[in-house]
Every structure is written in C-alpha cells, then in structure tokens.
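Read through the structure below, which is laid out as structure tokens, and then see the notes.
All values below come from the heavy atoms of this structure, side chains included, with hydrogens, waters and symmetry mates left out.
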Amino acid sequence: MAPIATADITTASVKLLPEPENALATAPKGDWRAELRENGYAVIKGAIPRERALAYQQKAREWLKSFGNDELDYNNPDTWVAKNLPVQSSINTFSSYAIAHEKFMWDARMEPGVVDAFAQIWGTDELLVSFDSLNVTFPNRKDMPRKGAWEHVDQSPLRRGTHCIQGIINLSTAGPEDGGLVVYPGSHKYHDEFFDTKTEASTWGPKDLYWFHPEQLAWFEAKGVRPHKVCADIGDVIVWDSRTIHYGAEPTEASNTIRTVIYAAYSPAKLASSETLEKKAEVFKKYGGTTHWPHDNVVIRKYQTMLPDGTRDPRDREQPLELPEMTDRLLKLAGVKPY
C-alpha cells in the first residue's frame with residue numbers, strides 16, 4: 001500500500017481496508033473468544049502443559065547462557081546486568097542472533113493448544129505465524145532505569161475491524177507485581193471513533209503502530225476505559241486485538257519472577273499477498289525476524305547484531321544454535337510451503 005501523500009485528505013476519501021473473515025462474531029457467551037471480542041483480550045488457560053512450558057523456559061535460560069556469559073546466575077540478582085546478557089533489541093526483548101528460529105521457539109509456536117486457539121479465532125487451520133521475539137525480564141535490574149507506560153496500538157486506522165490478533169506464550173507466571181501485559185479493555189471498540197474524530201486523516205499512513213499521548217488516553221478514560229494488568233499462569237496464552245491499547249509493564253519492586261515469554265501471532269495464510277510470502281520466505285531463509293504481523297509488514301533487513309558502540313557483536317549468529325526440524329507443518333506456518 002502506497003503512503004498517503006495528499007495533505008487535505010478527508011476520512012470519506014481514504015481507502016479503508018475492511019475486516020477479514022473471523023470466527024469471533026459467533027462465539028457464544030462464556031467462550032474465551034467472546035471475551036476477546038468484547039474486551040479486546042483473553043487468556044487461554046493451559047494451552048501448553050505446564051511441564052512442557054517449563055522445559056521451554058529452561059531452554060530459553062540455556063540460550064541466554066550460551067554466549068559465554070558464565071557470570072550470569074539466575075539465583076543472583078547482582079548478575080542480572082547488560083554485560084552478562086546478549087544484546088537486546090529493546091528493553092527485555094531479544095530478537096537478534098537468529099533467536100526467532102531456535103528449535104525451542106518453533107516447538108512452542110507449534111504446540112497444538114497454541115495453534116488450535118488461533119485456528120478457533122480465524123476459523124481455519126491454514127495459518128501463518130510471526131517470527132517474533134523472546135522476552136526475558138529480570139526484575140529490579142540494577143543497571144537499568146524503570147521504564148514507564150508506553151501505550152500504543154499495532155494497527156493503522158486505515159484498517160477497520162479485526163486484522164491481527166497478537167499473542168504471548170507464557171513460560172513463567174505473570175502475577176499482579178510481575179512484568180507483563182497491560183491492556184485497556186474495550187479500547188478496541190473505540191478505535192475507529194478515536195481516529196475519525198480525534199485525528200486528521202491526512203496524518204494517517206499504512207504503518208501499523210500508533211503511540212498515544214496522555215490527553216488522548218484521557219479521551220478513552222472518559223468512556224470508562226481503564227488500564228488492566230493481565231495475569232496468567234505458566235502454559236497460558238494471552239491473546240489481544242491489535243486495536244486494543246496495550247504496553248509491556250515492568251515488574252514492581254515486589255516481584256522476584258524472571259518473566260519469560262514468547263511473542264507469537266497467527267493469521268490466515270490467504271491474507272498474505274504473493275509478494276509478502278516471497279519476503280517472508282527470504283526472511284526465513286536468513287533466520288530473521290518479523291513484526292507481530294504474520295501476513296503483512298514483512299521487511300527484509302540486514303540481520304546483524306550491533307553493540308552500543310556501533311560495531312558488530314562478535315557473538316553474533318547467522319543461524320540458530322539448535323535448528324528446528326523442517327517439518328511440513330513448520331514450513332507451512334512459516335509461509336515457505338503453500339497449503
């Protein structure tokens with residue numbers, strides 16, 4: 001989609017993308033999909049058996065230790081500092097070093113309970129998955145200032161309705177004091193009204209990201225929309241509509257939980273253009289990562305991990321430490337092989 005260049009665009013003249021087909025509208029009351037439809041988020045309990053989720057957590061910890069950082073001790077908070085960790089793409093998130101394609105990442109993404117949940121959302125099991133990040137959040141780090149709220153949505157106002165459902169695979173407990181997802185329940189219902197009445201259509205573009213200012217959040221709060229910390233257990237999956245205002249909260253000083261989660265989103269393969277599938281296959285070939293979107297927003301980048309001084313990390317990797325098994329199911333989810 002070409003960027004909008006005209007300065008005097010009106011809402012009526014903007015080409016809006018309609019909502020793709022999904023199974024949320026018919027979900028009965030009491031179904032978690034009805035909660036997703038009404039609240040903009042839901043928690044799917046026990047999507048992964050606890051024992052397997054803990055095994056993935058252990059794999060994530062082994063991966064962090066695989067960079068020769070012997071000083072990192074999960075039982076010693078004094079060692080939870082940047083010099084003992086691989087480079088993070090953003091606070092607490094790891095998306096370099098081919099992490100998106102480590103075997104444990106793919107094994108978690110391909111868990112039947114996870115894939116089936118998104119199949120129930122979209123009404124099809126012919127899905128694509130994002131090549132997303134690993135988040136390991138150490139509580140009360142001594143070398144980093146506490147980050148405040150950073151409320152945003154991951155969907156352009158050009159798209160109307162449900163276009164992307166994001167997901168978090170919980171490999172640790174997300175309690176009230178722990179790091180985790182904060183959502184504004186019901187904010188997705190006001191997505192169109194906010195952009196149509198509180199922003200200028202001339203400022204819209206195809207980028208699926210919008211950051212909110214405090215005065216804009218006040219508009220939502222006046223409608224009764226308030227922030228809510230999502231709690232979940234090991235093996236649960238949190239899903240939310242990309243129009244739902246959200247952010248990742250830092251753990252409070254009362255937390256001692258090392259948050260460990262995998263971001264994973266799935267959408268119907270039929271939503272991806274042939275050009276996007278070609279790009280996705282190229283990213284997969286290079287063991288690269290994508291955004292939260294499985295079927296769009298795929299960009300081919302130079303996949304190098306840079307240190308703060310601008311040089312390439314000598315620990316950088318061009319392929320995963322442990323390659324996944326390239327099964328038929330994996331290749332289809334990756335968008336490399338057609339359904």
So, does Glu71 use its side chain to make a donor-acceptor pair with the main chain of Thr79 at under 3.5 Å? no
If Ile, Leu, Val, Met, Phe, Trp and Tyr residues are connected whenever their side-chain heavy atoms lie under 4.5 Å apart, and connections chain through other members, are Leu277 and Phe131 in the same group? no
Val87 vs Leu307, side-chain contact (heavy atoms from CB on, under 4.5 Å): CA-CA, chis, key distance, verdict: CA-CA 7 Å; Val87 175; Leu307 296 173; 3.8 Å; yes
Can you tell if the side chain of Asp78 reaches within under 4.5 Å of the side chain of Lys142, non-hydrogen atoms only? yes
Taking atom CH2 of Trp80 and atom CZ of Arg141, what is their separation to the nearest 0.5 Å? 10.5 Å
Can you classify the ring geometry of Tyr266 versus Phe118 as parallel (below 30°), tilted (30 to 60°) or perpendicular (above 60°)? tilted
Has Arg50 got more than 12 heavy atoms of other residues, nucleotides or ligands less than 6.0 Å from its CZ? no
Check whether Leu85 and Trp63 end up in the same hydrophobic cluster, where Ile, Leu, Val, Met, Phe, Trp and Tyr are linked by side-chain heavy atoms less than 4.5 Å apart. yes
Does some side-chain heavy atom of Ser130 sit less than 4.5 Å from a side-chain heavy atom of Tyr263? no
Could you measure the distance from the CG atom of Asn170 to the CD atom of Gln57? Nearest 0.5 Å is fine. 10.5 Å
Counting distance only, does the side-chain N/O of Trp122 pair as donor-acceptor with the main-chain N or O of Leu24 below 3.5 Å? no
Out of Arg315, Arg61, Arg317, which one pairs with Ser66 under the side-chain hydrogen bond (donor to acceptor under 3.5 Å, both in side chains) rule? Arg317
Residue pair Val239 / Tyr41, side-chain heavy-atom distance below 4.5 Å: no
How about Thr305 and Asp316: does a side-chain donor come under 3.5 Å of a side-chain acceptor? yes
Between the side chains of Lys332 and Asp125, is the shortest nitrogen-to-carboxylate-oxygen separation below 4.0 Å, so that they form an ion pair? no
May I ask you to decide if Glu126's main-chain N or O and Thr124's side chain share a donor-acceptor pair within less than 3.5 Å? yes
Test salt bridge (Lys or Arg N to Asp or Glu O under 4.0 Å) on Glu318 and Lys286 and set out the steps. CA-CA 7 Å; Glu318 295 186 354; Lys286 294 181 178 180; over 6 Å; no
About how many Å separate CE of Met306 and OG1 of Thr311, when rounded to the nearest 0.5 Å? 6.5 Å
Sidechain-backbone polar pair: Asp208 side chain, Ser156 backbone, donor-acceptor under 3.5 Å: yes
Classify the ring geometry of Phe194 against Phe220: parallel below 30°, tilted from 30° to 60°, perpendicular beyond 60°. tilted
Side chain to side chain donor-acceptor pair (under 3.5 Å) pairs touching residues 229-244, sequence neighbours excluded, are Lys45-Asp233, Lys45-Asp236, Thr162-Asp241, Thr162-Arg243, Gln166-Ser242, Trp240-His246, Asp241-Arg243
Run the side-chain contact (heavy atoms from CB on, under 4.5 Å) check on Tyr97 and Leu134 step by step: do they pass? CA-CA 11 Å; Tyr97 309 100; Leu134 171 71; over 6 Å; no
Validation row: Ile121, Trp32 side chains within 4.5 angstrom (heavy atoms): yes
ILVMFWY cluster, Ile99 and Leu333 together (side-chain gap under 4.5 Å): yes
Shared ILVMFWY cluster between Ile48 and Phe104, side chains joined below 4.5 angstrom? yes
Describe, in one word, how the ring planes of Phe284 and His101 are oriented to each other, choosing from parallel (under 30°), tilted (30 to 60°) and perpendicular (over 60°). perpendicular
So, the side chain of Thr260 versus the backbone of Ile258: is there a donor-acceptor pair under 3.5 Å, distance only? yes
Exam field: side chain Arg37 to backbone Ala27, donor-acceptor pair closer than 3.5 Å: yes
If you apply the rule salt bridge (Lys or Arg N to Asp or Glu O under 4.0 Å), what do you find for Lys59 with Glu322, and how did you get there? CA-CA 10 Å; Lys59 282 290 187 181; Glu322 186 177 9; 3.6 Å; yes
For Glu215, does the CD atom sit with more than 12 other heavy atoms under 6.0 Å from it, leaving out its own atoms? yes
Between the side chains of Ser133 and Asn135, does any donor sit under 3.5 Å from an acceptor? no
Using the side-chain contact (heavy atoms from CB on, under 4.5 Å) rule, take Asp132 and Ile262 through it: C-alpha gap first, then chi angles, then the decisive distance, then the call. CA-CA 7 Å; Asp132 219 323; Ile262 295 171; over 6 Å; no
Would a distance-only check, ignoring hydrogens and angles, find a side-chain to backbone donor-acceptor pair under 3.5 Å from Trp150 to Gly248? yes
May I ask you to test the Leu330-Glu325 pair for a side-chain heavy-atom distance under 4.5 Å? no
Non-hydrogen side-chain atoms of Pro86 and Phe94 separated by less than 4.5 Å: yes
Shortest non-hydrogen pair, Ala82 vs Asp143, comes out as N-OD2, 2.7 Å
Could you check whether the rings of Tyr74 and Phe138 sit parallel, tilted or perpendicular, using 30° and 60° as the cut-offs? parallel
For residues Tyr184 and Phe212, establish whether the separation of their ring centroids is below 6.0 Å. no
What's the shortest heavy-atom distance between Ala34 and Pro28, and which atoms? CB-O, 3.4 Å
Heavy atoms only: give me the nearest His292-Cys164 pair and the separation to one decimal. O-SG, 4.1 Å
Atom CG of Asp178 and atom CG of Asn256: how far apart are they, to the nearest 0.5 Å? 7.5 Å
Nearest 0.5 angstrom please: Arg329 CZ to Leu331 CG, how far? 11.5 Å
Does Asn75 offer a backbone N or O that forms a donor-acceptor pair with the side chain of Asp73 under 3.5 Å? yes
Looking at every non-hydrogen atom in both residues, tell me the closest pair between Pro251 and Pro139 and how far apart they are. CG-CA, 3.7 Å
Carboxylate-amine/guanidinium proximity below 4.0 Å for Glu193 and Lys223: yes
Does Glu250 reach the side chain of Asn92, with side-chain heavy atoms less than 4.5 Å apart? yes
Could you measure the distance from the CD atom of Gln216 to the OG1 atom of Thr199? Nearest 0.5 Å is fine. 8.0 Å
Counting heavy atoms not belonging to Glu221, are there more than 12 under 6.0 Å from its CD? yes
For the residue pair Glu177 and Ser255, confirm or rule out a side-chain donor-acceptor distance under 3.5 Å. no
Between Tyr56 and Asp107, is any side-chain donor less than 3.5 angstrom from a side-chain acceptor? no
All heavy atoms of His295 vs all of His163, minimum pair found to be CE1-O, 3.4 Å
Steps toward side-chain contact (heavy atoms from CB on, under 4.5 Å) verdict (Asp296, Leu271): CA-CA 8 Å; Asp296 206 346; Leu271 298 182; over 6 Å; no
Taking all atoms of both residues into account, what is the closest heavy-atom pair of Val182 and Pro227, and its distance? CG1-CB, 3.9 Å
Determine, using the 4.5 Å side-chain heavy-atom cutoff (strictly less than), whether Val129 and Met110 are members of one ILVMFWY cluster. yes
For Ser187, run the side-chain contact (heavy atoms from CB on, under 4.5 Å) check against Val225, Val153, Leu217 and tell me which one passes. Val225
